[in-house]
Amino acid sequence: MKKVFAMLLAAAMSLSLAACGGQPANNPNPPANSGGSSSSTQTPTPPPADNKPGNDKLVVGFAQIGQESGWRDAETNDIQWYASRNIDTIELHFADAQQKQENQIKAIRSFIEMGVDVIAFPPVVETGWEAVLTECQEAGIPVILVDRGIDANTDDSLYTTMIASDHVWAGEQAAIAMNDLLGGSGVVVELEGTVGASAAVQRKQGFDEYMAKNCSSIEIVASQTGDFTRAQGKEVMESFLKTYNKIDGVFCHNDDMALGAIEAIKEAGLKPGEDIKIVGVDGVKGAFEAILAGEMNCTVECTPILANQIFDTAAKLKAGESVEKWVMSADEVYTADVVAGRAY
Ligand code: GZL
């Protein structure tokens, strides 16, 4: 019991440290935008002269989606902290696209202009990348997709590798947990992530297909996007509660929307985690706290701690080594049993 709790708390702590910009006590360097570019929406300015050929640092351009969730902040802080701890060997150019695809594309084009060694980015949506990825290919700059993918119809030679969790698996695990929580029957609503994002499309696919195939007495009566944000998750859950007089469970494509749904359920005079079962994805600190408080029932982990893999893979690509097309993260399912430590 103590071991599980310590492990979970450590997991939550590392996520929360990364997410809240905090740093382990022994890290003298606060997370910094350790590249030559700004971390605002402006297109990063070209790097100093030392970025020209001959600079033996690994120069990576990272076009981040934005700051829509605690998970996203955890990923950003992990990447910036890792680069700030390795400034002798890594030069990170980091751009924040404020959740706009056009800003990600602008940032990628500026990285091409800089002549970075590798470009890495989480595609905010699955489509609309052919042109800019072709420009990367023509410039001879390998591309790493991070935490989300692009449409299966897009020529996959346009990117070198993807480092991400299996989002279909996450949706299936959420369905298994929800089925268990409802005892095989009930009415469920779904809070979807960003429209067109692979993490949302695939979590929905995993959840809905599992339910259709295995849970004939569970009905999904509504499914609507909350754009992966807590505020919109709350708003959509409020509308569901006004529309449906019986909701037994809610599947949220990420924990931030689950935390918003919890607020809405409480304000409706109901008990989250009891009257309405709540399953999320990500494994952020707030989800563990809600589960420990009995207000949430399960979170399916999707690790945001990818910096090590990103920079290791980038270094291999710079050295001309080949890498797997998909470097899949290993994730766990945290039900209340696991969190309470009864599972061991
Ligand atoms: C998952 C990632 C998703 C998270 C959300 O890999 O793309 O984006 O689940 C985040 O919290 O907004």
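Remember, it's 1-based here, ligands and their atoms both numbered in the order they're listed.
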Which atoms from ligand 1 have a heavy atom of Glu68 less than 4.0 Å away? 8 (O), 10 (C), 12 (O)
Atoms of ligand 1 less than 4.0 Å from Cys302 heavy atoms? 1 (C), 6 (O)
Determine whether any heavy atom of Ser165 lies closer than 4.0 Å to an atom of ligand 1. no
Between Ser223 and Lys204, is there a side-chain heavy-atom distance shorter than 4.5 Å? yes
Hey, what's the ring geometry for Trp129 with Phe121, parallel, tilted or perpendicular (30° and 60° as the breaks)? tilted
Using the six-membered ring of Tyr159, assess whether NZ or CZ of Lys325 lies under 6.0 Å from its centre and within 45 degrees of the ring axis. yes
Heavy atom of Arg203 under 4.0 Å from ligand 1? yes
I want to check something: taking the side chain as every heavy atom from C-beta on, are Gln64 and Phe94 in contact at a cut-off of under 4.5 Å? yes
Shortest non-hydrogen contact from Gln99 toward Gly66: OE1-CA, 3.9 Å
Heavy-atom contacts with His167 under 4.0 Å: which atoms of ligand 1 show up? List them by number with element. 1 (C), 6 (O)
Check: of Asp282, Thr303, Asp256, min heavy-atom distance to atom 9 (O) of ligand 1 comes from Asp282
Kindly give the heavy-atom pair with the smallest separation between Ala175 and Tyr210, and that separation in Å. CB-CD2, 3.5 Å
Close-contact set for ligand 1 against Arg148 heavy atoms, below 4.0 Å: 2 (C), 3 (C), 7 (O), 8 (O), 10 (C), 12 (O)
Element-labelled atoms of ligand 1 that are located less than 4.0 Å from some non-hydrogen atom of Ser69: 5 (C), 10 (C), 11 (O), 12 (O)
Side-chain ion pair, Lys271 and Asp275, N-O less than 4.0 Å: no
Protein residue, atom and distance nearest to atom 2 (C) of ligand 1, heavy-atom basis: Asp147 OD1, 3.4 Å
